[in-house]
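Below is one structure, written out as structure tokens; comments come after it.
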Amino acid sequence: MTKWGRPYALRTAELLPVLLDQVEAGTGGESVWRELETMLCVEGETLVPGSLAALPRLVALARRETQALEMAGAIVRSAMSDGQGERMFVESPDAIAELRELVDRRLRTRPADYLWGFRTLLAIEGQFHWSAALGDFSDDFYTVDCPHCGLDTTIAIGGYGNYSARRDWEAGDVDRRDLRPASVAELDGTGRWMYDLAVRDAQDRLAEGITYLMGRAECPRCASVFRMGDEYAAANLPPSVFCSDRAIRDRSTCR
């Protein structure tokens with residue numbers, strides 16, 4: 001028997017199965033989908049009681065309903081931030097596997113919202129830190145600590161340039177140093193998987209940005225050189241790290 005959660009209550013426990021029944025039967029209009037979205041994944045970020053239990057039904061609906069695919073993706077991307085990532089993989093492995101296939105199939109069509117699917121696949125693969133942070137590299141900024149001197153270093157990738165810098169809140173990014181992108185041969189693990197996926201789907205800017213993200217930066221204070229991807233991943237892995245099958249095989253970002 002599906003458990004829909006505790007006190008949030010009664011309304012979720014009673015109404016959620018009814019709404020899912022309606023959309024499965026094809027009798028739920030846009031108002032029903034909006035209600036489900038509000039109930040299951042508030043603003044695409046916060047899970048509520050019942051979200052994980054609803055995931056298999058949403059994935060089954062996602063075979064024909066775009067709204068269900070997007071909702072299932074939002075639940076997966078939010079699961080680790082709510083501390084429910086491990087439960088999701090353990091309790092719904094078949095649904096996760098099918099969701100992976102459905103999202104990958106959508107990416108192959110090169111949709112306008114490609115980054116949404118890319119980030120969803122990252123979450124499915126257990127790479128929640130990249131799923132939450134990755135942009136389209138039009139004007140991305142990341143912050144990492146220099147592993148040698150501890151400087152809070154700004155990393156810019158995109159239209160404003162590709163550089164490391166020290167951020168001054170009055171003068172802007174100062175002491176800029178050009179980033180050193182990784183060559184394709186140097187990419188490995190998750191970085192290579194991300195790059196190959198972007199290349200497969202002709203996402204040239206995304207692929208190029210990944211080579212910078214997984215490349216090297218020079219600290220503007222001590223001039224030491226370090227791999228940005230390693231430092232960012234180490235600092236942003238969720239407190240309770242759960243690794244999917246792919247991430248377990250990829251020791252470079254799952255520690």
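Fair warning: this is a prediction, and the values are worked out from it, not measured in the lab. Quick note: residue numbers are just sequence positions, from 1.
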> Going from CG on Asp196 to CG on Leu187, what distance comes out if it is rounded to the nearest 0.5 angstrom?
Replying inline: 8.0 Å
>> Applying side chain to side chain contact (heavy atoms under 4.5 Å, CB included) to Asp145 and Thr153, what does each step give before you reach the verdict?
In response: CA-CA 6 Å; Asp145 290 339; Thr153 305; over 6 Å; no
> Got Trp116 and Leu121 here, is their nearest side-chain heavy-atom distance under 4.5 Å?
Replying inline: no
> Within a strict 4.5 Å, meaning less than it, do heavy atoms of the Glu91 and Leu55 side chains meet?
Replying inline: no
> Between Ala123 and Val76, what is the shortest heavy-atom contact and its length?
Replying inline: CB-CG1, 3.9 Å
> Do we see a donor-acceptor contact under 3.5 Å between the side chains of Thr120 and Arg77?
Replying inline: yes
>> Any non-hydrogen side-chain atom of Glu70 less than 4.5 Å from a side-chain atom of Thr66?
In response: yes
>> Do Thr154 and Arg176 have side chains that approach each other closer than 4.5 Å (heavy atoms only, starting at C-beta)?
In response: no
> Stepwise, does the side chain to side chain contact (heavy atoms under 4.5 Å, CB included) test hold for Met228 with Leu179?
Replying inline: CA-CA 10 Å; Met228 295 171 291; Leu179 299 181; 3.8 Å; yes
> Is a side-chain donor or acceptor of Asn236 paired with a backbone partner of Tyr232 at a separation under 3.5 angstrom?
Replying inline: yes
>> Determine whether Glu101 and Arg105 satisfy the following criterion, salt bridge (charged side-chain N to carboxylate O under 4.0 Å, His left out), listing intermediate values before the conclusion.
In response: CA-CA 6 Å; Glu101 181 181 345; Arg105 189 183 305 164; 2.9 Å; yes
> Does the pair Ser224 and Cys149 meet the rule for a side chain to side chain contact (heavy atoms under 4.5 Å, CB included), with working shown?
Replying inline: CA-CA 9 Å; Ser224 62; Cys149 72; 5.9 Å; no
> When you measure from the side chain of Glu186 to the backbone N and O of Ser183, does any donor-acceptor pair fall under 3.5 Å?
Replying inline: yes
> Should the pair Arg106-Asp113 be classified as a salt bridge under the 4.0 Å nitrogen-to-oxygen rule?
Replying inline: yes
>> Quick one: does any side-chain atom of Ser51 pair with a main-chain N or O of Leu40 as donor and acceptor, under 3.5 Å?
In response: yes
> Would Arg167 count as a cation-pi partner of Phe141, with NZ or CZ less than 6.0 Å from the six-membered ring centre and within 45° of the ring normal?
Replying inline: yes
> Where is the tightest heavy-atom contact between Val59 and Ala72, given as atom of each residue plus distance?
Replying inline: CG2-CB, 4.2 Å
>> Quick check: closest heavy atoms across Pro220 and Leu151, and the distance to 0.1 Å?
In response: CG-CD2, 3.6 Å
> Is Val174 reachable from Ile155 through a run of hydrophobic residues whose side-chain heavy atoms are each under 4.5 Å from the next?
Replying inline: no
>> Contact between Glu65 and Val23 at the side-chain level, heavy atoms closer than 4.5 Å - yes or no?
In response: no
>> So, taking the atom named CZ in Arg192 and the one named CG in Leu197, what distance separates them when rounded to the nearest 0.5 Å?
In response: 12.5 Å
> When rounded to the nearest 0.5 angstrom, what distance separates CE in Met194 from CZ in Phe118?
Replying inline: 4.5 Å
> Are the side chain of Gln203 and the backbone N or O of Asp201 linked by a donor-acceptor pair below 3.5 Å?
Replying inline: yes
> When the ring planes of Tyr142 and Phe137 are compared, do they come out parallel, tilted or perpendicular, using 30° and 60° as the limits?
Replying inline: tilted
> Counting heavy atoms not belonging to Tyr160, are there more than 12 under 6.0 Å from its OH?
Replying inline: no
>> Are the side chains of Met71 and Leu36 in contact, using a 4.5 Å heavy-atom criterion?
In response: yes
> Quick one: do Met214 and Tyr163 end up in the same hydrophobic cluster if we chain Ile, Leu, Val, Met, Phe, Trp and Tyr together by side-chain heavy atoms under 4.5 Å apart?
Replying inline: no
> Heavy atoms, side chains only, cut-off 4.5 Å: are Tyr195 and Leu206 in contact?
Replying inline: no
> What is the minimum heavy-atom distance between Leu16 and Met39, and which atoms define it?
Replying inline: CB-SD, 3.8 Å
>> Working note: Asp104 + Arg200, criterion salt bridge (charged side-chain N to carboxylate O under 4.0 Å, His left out); need CA distance, chi angles, decisive distance, verdict.
In response: CA-CA 11 Å; Asp104 188 60; Arg200 183 198 73 182; 3.0 Å; yes
> What are the two closest heavy atoms between Asp136 and Leu115, and how far apart are they?
Replying inline: N-CD2, 3.7 Å
>> I'd like to know if the side chain of Asp140 reaches the main chain of Gly135, judged simply by a donor and an acceptor atom lying under 3.5 Å from each other, with no hydrogens or angles considered.
In response: yes
> Less than 4.5 Å apart, any side-chain heavy atom of Ser138 and any of Arg205?
Replying inline: yes
> Would you find a donor on one side and an acceptor on the other, under 3.5 Å apart, between the side chain of Ser164 and the backbone of Glu218?
Replying inline: yes
> What distance do Leu58 atom CG and Leu99 atom CG have between them, rounded to the nearest 0.5 Å?
Replying inline: 9.5 Å
> How far does CZ of Phe226 sit from CZ of Arg216, to the nearest 0.5 angstrom?
Replying inline: 11.5 Å
>> Strictly distance-based, threshold 3.5 Å: is any side-chain N or O of Arg64 a donor or acceptor partner for the main-chain N or O of Leu61?
In response: no
> Do Ser131 side-chain atoms and Gln127 backbone N/O form a donor-acceptor pair below 3.5 Å?
Replying inline: no
>> Minimum heavy-atom separation for Ala132 and Arg119, please, with both atom names.
In response: O-NH2, 3.4 Å
>> Is a donor from one side chain sitting under 3.5 angstrom from an acceptor on the other, for Gln67 and Glu37?
In response: no
> How long is the gap from CD1 on Ile210 to CG on Leu134, to the nearest 0.5 Å?
Replying inline: 6.5 Å
